[in-house]
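The structure under discussion appears below in the form of C-alpha cells.
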Amino acid sequence: MTTNAEPAHGEIRDAVARLCRDFPGEFWRALDRERAYPKAFVERLTKEGFLAVLIPEEYGGSGLGLDAATAILEEIHRSGGNGAACHAQMYTMGALLRHGNHEQKAKYLPKIASGELRLQAFGVTEPASGTDTTRIRTFAHREGDHYIVNGQKIWISRAQHSDLMLLLCRTAPREAGKKPTDGITVLLVDMREAVKSGLTIRPIRTMLNHATTELFFDNMVVPVDNRIGEEGRGFRYILDGMNAERILIAAECIGDGRFFIERATQYAKTREVFGRPIGQNQGVQFPIARAYAEIEAAAQMVTTAARLFAGGQPCGAEANMAKLLASEASWRAADMCVQTHGGFGFAEEFDIERKFRETRLYQVAPISTNLILSYLAEHVLGLPRSY
Ligand SMILES: Cc1cc2nc3c(=O)[nH]c(=O)nc-3n(C[C@H](O)[C@H](O)[C@H](O)COP(=O)(O)OP(=O)(O)OC[C@H]3O[C@@H](n4cnc5c(N)ncnc54)[C@H](O)[C@@H]3O)c2cc1C
C-alpha cells in the first residue's frame with residue numbers, strides 16, 4: 001500500500017517495525033485480557049532509545065524533533081500494538097525541557113533517557129472540573145521548603161508504572177487572579193516518595209487496557225525544589241505540551257487507521273463468498289478506499305503540525321486539526337474493518353475488536369472533539385466564545 005509520498009524518518013520506522021515484530025497480537029491480547037501493563041515492550045523501547053528521542057544529546061537523548069516521535073508512535077500502532085503505555089514520556093518532558101531549571105534538567109533528564117527514571121504520568125483531570133482545567137481544586141499550600149498537596153485527580157494513566165508525575169495544581173484560588181489561568185502551578189512529583197507521604201493510587205478498569213487510575217492527595221509533601229518554573233504560571237508551561245500531546249496522539253490514530261486498512265484490504269482479497277473474493281464487490285472496496293483517502297489526508301495534517309512544532313512555530317490550530325481529523329478517520333477505519341471482516345471482526349484472535357476499542361478513546365481523550373471544534377471556532381475563525 002503506497003502513495004508517491006515517501007514517509008519521513010524511514011530508518012526509525014523500520015527499526016520500530018522490527019522491534020514490534022517481537023510483540024505480536026498474542027502479546028497484546030494476553031495483556032488486554034488481564035488489563036496488564038506491557039512492561040517488556042516499554043523496557044525494549046527504552047533500551048533502544050526510542051523514548052528518549054526528544055531529550056537533547058547533552059542529557060543522553062537523541063535530540064530529535066517531534067516529527068521523529070510521531071514516526072515511532074505511528075509505527076507502533078500500525079503494527080497492532082499500542083503506544084499509550086509510554087507516549088506520555090514524550091510530551092510530559094517538554095515542560096521540564098523548556099521550563100525546568102538547570103539543576104532539575106541535570107538531575108532528571110539523563111536518568112529518564114537511560115530508563116532509570118520513568119516520567120509517564122501527567123496529572124491534570126479532576127472529577128469536578130472536567131475539561132475546564134482552570135477549575136481544578138487540587139491545592140498546594142507552601143510551608144517553608146515544601147508544598148503540602150491536598151485534592152484528587154481522575155483518569156491519571158500509568159501512575160502505577162511511573163517514577164515521576166507532572167502534576168497541575170492550584171497555589172492560589174481561581175478568583176484571586178486577573179485571569180482564570182493564573183494561580184496554577186506545575187510540580188514534578190516523585191511518586192516513589194509520594195506514596196509514603198499521602199498519595200493513594202486506585203486503578204480504574206475501563207473498556208480498554210490503559211492502566212488509568214484515580215489519585216488522592218492527603219497532605220502529600222512535595223519539595224519546593226520540584227516546582228517547574230514560577231509559582232502560579234504553570235498553565236502556560238503545559239500548553240505547549242498539550243499541543244505535542246495532540247500531535248502524538250494523532251500520529252497513533254494514523255497508525256491505527258493504517259492497521260485497519262491493511263487488515264481489511266488483505267482480508268477482502270482472500271475471503272471468498274459467492275465464489276469470489278469479497279473485495280471484488282464495490283460495496284466492500286469503496287469503504288476501504290474511502291478510509292484510505294481519509295487517513296492519508298489526516299496524515300498530511302499530522303505532518304504539518306509536527307513540523308511546525310519541531311520548528312518552534314505556533315501550531316495550535318494545526319495540532320488540534322490533526323487530532324480531530326486523525327481520531328475521526330481512525331474510528332471510521334475501525335468500523336469499516338469490523339464490517340469487512342463480518343463475524344470475524346468480533347473474534348479476539350483477529351485483534352480488530354481490541355484495536356476498535358482502543359482507537360475509540362481518542363475522540364474523548366486527551367481532549368474531546370467538541371472542545372477542539374470550539375477552539376477552532378473561537379481562536380481561528382473569530383466566532384464568539386461559546387462557554
Ligand atoms: C482512558 C483515559 C485515560 C486518560 N488519561 C489521562 C491522563 O493521563 N491525565 C489526565 O490528566 N487526564 C486523562 N484523561 C482524561 C481526559 O483527558 C478527559 O476524559 C477528557 O479531556 C474529557 O474530559 P471529561 O472526561 O472530564 O469530560 P467533560 O469535560 O465532562 O465533557 C463531557 C462531554 O461534554 C462535552 N462538553 C463539555 N463542555 C462542552 C462545551 N462547552 N461545549 C460542547 N461540548 C462540551 C465534551 O466534549 C464531552 O464529550 C484520560 C481519560 C481516559 C478515558
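In listed order, ligands and their atoms are each counted from 1. On a predicted model such as this, the values are computed, not experimentally measured, just so you know.
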F27 and F41 aromatic ring geometry - parallel, tilted or perpendicular at 30°/60° bounds: tilted
Step-by-step salt bridge (Lys or Arg N to Asp or Glu O under 4.0 Å) determination, K323 to E245: CA-CA 9 Å; K323 155 72 172 58; E245 183 179 30; over 6 Å; no
Heavy-atom gap I156 to ligand 1 smaller than 4.0 Å: yes
Over 12 non-hydrogen atoms of neighbours within 6.0 angstrom of CZ in R13: yes
Within-cutoff protein neighbour (heavy atom, under 4.0 Å) for atom 11 (O) of ligand 1: yes
Atoms of ligand 1 close to V124 [distance to a heavy atom under 4.0 angstrom, numbered from 1]: 11 (O)
Nearest-option assignment for atom 36 (N) of ligand 1, heavy atoms, candidates I238, T369, L371, T131: L371
Under-4.0 Å protein heavy-atom contact, atom 14 (N) of ligand 1: yes
Geometric N/O contact I154 with ligand 1, under 3.5 angstrom: no
Ligand 1-proximal atoms of D132, by part, heavy-atom distance under 4.0 Å: neither
Per-atom contacts, ligand 1 versus F122 - under 4.0 Å to a heavy atom: 7 (C), 8 (O), 9 (N), 10 (C), 11 (O)
Residue pair H141, Y147: steps toward the ring-ring contact (aromatic ring centres under 6.0 Å, His included) verdict: CA-CA 5 Å; H141 284 281; Y147 286 105; 9.6 Å; no
Member of D256, D32, D351 meeting the salt bridge (charged side-chain N to carboxylate O under 4.0 Å, His left out) criterion with R357: D32
Ligand-side contact atoms (ligand 1) for residue partner G130, heavy atom cut-off under 4.0 Å: 26 (O), 29 (O)
Centroid-centroid under 6.0 Å between H77 and F259 rings: no
Heavy-atom protein neighbour under 4.0 angstrom from atom 33 (C) of ligand 1: no
Closest contact, heavy atoms only, R158 versus H210: NH1-NE2, 4.2 Å
Ligand-residue contact atoms, ligand 1 with Y387, heavy atoms, under 4.0 Å: 41 (N)
Interfacing atoms of ligand 1 (cut-off 4.0 Å, heavy-atom, S157): 3 (C), 4 (C), 5 (N), 6 (C), 7 (C), 8 (O)
Other residues, nucleotides, ligands: >12 heavy atoms within 6.0 Å of Y387 OH: yes
Residue pair T212, I156: steps toward the side-chain contact (heavy atoms from CB on, under 4.5 Å) verdict: CA-CA 5 Å; T212 199; I156 308 309; 5.7 Å; no
W331/Y362 under ring-ring contact (aromatic ring centres under 6.0 Å, His included): CA gap, chis, key distance, verdict: CA-CA 9 Å; W331 173 241; Y362 294 136; over 10 Å; no
Contacting atoms of ligand 1, where contact means under 4.0 angstrom from a heavy atom of H210: 1 (C), 3 (C)
Residue, atom name and distance, where the atom is the protein heavy atom closest to atom 20 (C) of ligand 1: V364 O, 3.4 Å
Check: W155 N/O within less than 3.5 Å of ligand 1 N/O: yes
Atom pair CD (E231) and CG (L187), whose distance is rounded to the nearest 0.5 Å: 9.0 Å
E378 atom CD, neighbour heavy-atom count above 12 within 6.0 Å: yes
Option of least heavy-atom distance to atom 2 (C) of ligand 1 (set: N370, L361, I372): L361
Those atoms of ligand 1 less than 4.0 Å from some heavy atom in T212: 3 (C)
Structural part of P366 in contact with ligand 1, heavy atom criterion under 4.0 angstrom: backbone
Sub-3.5 Å N/O-N/O distance, T206 and ligand 1: no
Pick from S368, S162, G123: the one approaching atom 47 (O) of ligand 1 most closely through a non-hydrogen atom: S368
